[in-house]
Amino acid sequence: MMKIKTLNAISDIIHTQLSREDFTVTKDEPVPEGIIVRSAVVDAQQIPDSLLVIARAGAGVNNIPIPECTKRGIVVFNTPGANANAVAELVIAGMLMSCRDIVGGEQWARGLKGKGAEVPALVEKGKAAFGGIEMRGKTLGIIGMGAIGALVANAAANGFGMDVIGYDPFISIDSAWRLSRSVRRAASMEEALQNADFVSVHIPLTDKTRGLFGTELIGKMKKGAVLLNFSRAELVQSDAMLKALAGGHIAQYVVDFPTDEMLCQEHVLCIPHLGASTAESEENCAFMAAAQMRDYLKTGAIKNSVNLPEIALTAPEGARIMAIHDNVPNMVSAISACLSNDGINISNMVNKSKKETAVTVIEIEDAPAQHVIEAIQALPGILRVRVF
């Protein structure tokens, strides 16, 4: 039985992938082999030696200590695309609310309660204060054309008749295929920003992107534009945004990650992190996270890992050795030598790397003796060894 710990309330759909015959799933497991997490923070100091995998039921992984996990040979998965539709729909809603002041109008209408028969006339008299603009014919610039960005682009172009221009120097083939032919590709971020009436940001939070939208980049946006941030609050510098709003350079800031600086500010619409908060999204994320965890624990297959290379594997025909190690020269030959020294023949081998870390998978006929595994584990640069 493999032991899985949940750090948040997770949909029961995970049991369709983590069968009760093979896995025990509890929130109190002290020595888990796997952890499924949504928004809870994984404490690097409390990661047990038993842990092999962390699966994030969502796209962002800033709540997981990736460097510490990599150093200890723990694979970290996320679920890109599983919540994309939910977030994309809310982005469109955010655009609509920024155009029409729906929130302000609804709050004003509540104040008419108790006016009786006067309400219709008061509505007609006061509605002019909440006039807005239409999205059709406006330009939308999208920064980041992954699963969410592509859905927003297609919906805006095909459903609302917007002129859409997207920027993503690392766009995947799958994302490119999903895009409507009417979506234009920007050669630079500046090109996507300078003529856009709306700018929607869909990039991960990293050391390089933290504070990306500061005074300089915001200054390159079209005067009177709306910025929509459904990625992470830290992508936008609060001081720079408030200054741009006060000066009228930015018309509105719509953010799905409220902070104390942004709450109750004029021209700022704070949504309480509802992007992925739909029943469908939570099930999709939980299902994908559980499936990826199951495949890794049972076969070593790696898909959608943020710290290890992708490796497609099915159940081994004989025995399988998986070594996670530093991506340095001569590692494969050193691992092979440990096997040949014991007279073990290699029937197949796969070696893949991702930045500073690599994974070597070796297929052999029979399970190796314990001293062989210990010899591989003792090699300099080896982070973890597993046998299937």
Side-chain angles (χ1 to χ4, degrees), residues 1-15 17-20 22-80 82-83 204-207 210 232-234 257 259 273 276-277 282 285-298 300-309 322-326 354-359 373-374 377-378 381-387:
M1 278 289 224
M2 297 182 182
K3 301 173 182 179
I4 309 301
K5 182 176 184 177
T6 58
L7 297 189
N8 297 99
I10 303 292
S11 169
D12 286 341
I13 201 170
I14 62 174
H15 295 296
Q17 305 304 305
L18 302 172
S19 67
R20 290 182 169 88
D22 298 323
F23 299 90
T24 60
V25 183
T26 68
K27 62 182 178 64
D28 301 314
E29 175 57 51
V31 286
E33 291 155 286
I35 287 177
I36 299 181
V37 60
R38 288 173 58 205
S39 57
V41 176
V42 179
D43 188 344
Q45 304 302 316
Q46 297 181 359
I47 295 177
D49 292 337
S50 61
L51 193 64
L52 301 172
V53 53
I54 298 176
R56 161 78 164 96
V61 290
N62 55 309
N63 57 327
I64 300 172
I66 305 297
E68 176 66 18
C69 289
T70 304
K71 185 170 64 177
R72 296 172 61 173
I74 299 169
V75 61
V76 179
F77 294 112
N78 66 348
T79 56
N83 62 6
L205 177 65
T206 66
D207 290 340
R210 187 179 300 274
R232 282 291 180 270
E234 295 85 352
F257 303 88
T259 61
H273 198 185
S277 295
E282 290 180 8
C285 290
F287 182 93
M288 185 184 292
Q292 292 170 173
M293 174 176 283
R294 175 206 61 204
D295 290 346
Y296 178 70
L297 289 175
K298 285 195 165 187
I302 301 174
K303 184 177 182 180
N304 292 326
S305 171
V306 299
N307 63 336
L308 295 183
M322 169 178 274
I324 302 172
H325 54 85
D326 293 337
K354 186 170 187 175
K355 297 181 180 179
E356 292 82 23
T357 310
V359 177
I373 301 304
E374 291 174 354
Q377 186 69 68
I382 290 288
L383 306 175
R384 187 182 290 272
V385 179
R386 297 181 62 204
V387 180

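Nearest approach of Ile302 to Pro309, heavy atoms of both residues: CG2-O, 3.2 Å. Residues Thr259 and Ala233 share a closest heavy-atom pair of CG2-CB, 4.0 Å. The two residues Ile47 and Pro65 have their closest heavy-atom pair at CD1-CG, 4.0 Å. Scanning all heavy atoms of the two residues, the minimum distance from Met288 to Ala82 falls at CE-CB, 4.0 Å. Closest heavy-atom contact between Glu282 and Ser277: OE2-CA, 4.2 Å. Asn83 approaches Cys285 most closely through the heavy-atom pair CB-SG, 3.7 Å.
Residues passing the side chain to side chain donor-acceptor pair (under 3.5 Å) test with Asp22, sequence neighbours excluded: Ser19, Lys298. Partners of Phe257 by ring pair (Phe, Tyr, Trp, His ring centres under 6.0 Å), not counting sequence neighbours, listed by chain and number: His273. Annotation: side-chain contact (heavy atoms from CB on, under 4.5 Å) contacts of Thr26 (sequence neighbours excluded): Glu29. Annotation: side chain to side chain donor-acceptor pair (under 3.5 Å) contacts of Asn304 (sequence neighbours excluded): Gln292. The side chain to side chain donor-acceptor pair (under 3.5 Å) check on Lys27 picks up nothing, with sequence neighbours excluded.
Here the CZ-CG distance, from Arg386 to Leu297, works out to 5.5 Å after rounding to the nearest 0.5 Å. In this structure, CD1 on Ile64 lies 5.5 Å from CD1 on Ile54, to the nearest 0.5 angstrom. Note that NZ of Lys354 is 9.5 Å distant from OG1 of Thr70, once rounded to the nearest 0.5 Å. Atom CD1 of residue Ile36 and atom CD1 of residue Ile14 lie 4.5 Å apart, to the nearest 0.5 angstrom. To the nearest 0.5 angstrom, Met2 atom CE is 6.0 Å from Glu33 atom CD. Note that CG of Leu383 is 12.0 Å distant from SG of Cys69, once rounded to the nearest 0.5 Å.
The backbone N or O of Ser39 lies less than 3.5 Å from a partner atom in the side chain of Asn8, making a donor-acceptor pair. In terms of modelled atom types and a separation under 3.5 Å, the side chain of Ser305 and the main chain of Val76 share a donor-acceptor contact. In this structure, the side chain of Arg38 engages the main chain of Ala9 through a donor-acceptor pair within 3.5 Å. No donor-acceptor distance shorter than 3.5 angstrom exists from the side chain of Asn63 to the backbone of Val41, with no hydrogens or angles considered.
In summary, of the residues considered (Val25, Thr24, Ile10), a side-chain contact (heavy atoms from CB on, under 4.5 Å) with Ile4 occurs for Val25 alone.
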Does the side-chain contact (heavy atoms from CB on, under 4.5 Å) test come out yes or no for Phe23 and Arg294, once each step is laid out?
-> CA-CA 9 Å; Phe23 299 90; Arg294 175 206 61 204; 4.2 Å; yes
With side-chain contact (heavy atoms from CB on, under 4.5 Å) as the test, would you mind laying out the steps for Thr357 and Asn307 before giving the verdict?
-> CA-CA 8 Å; Thr357 310; Asn307 63 336; over 6 Å; no
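Pro48 places a side-chain heavy atom less than 4.5 Å from the side chain of Pro32. Side-chain contact between Ile74 and Arg384 is present, with heavy atoms from C-beta onward closer than 4.5 Å.
Sorted by first then second residue, the salt bridge (Lys or Arg N to Asp or Glu O under 4.0 Å) pairs that include residues 58-68, not counting sequence neighbours, are Glu68-Lys71, Glu68-Arg72.
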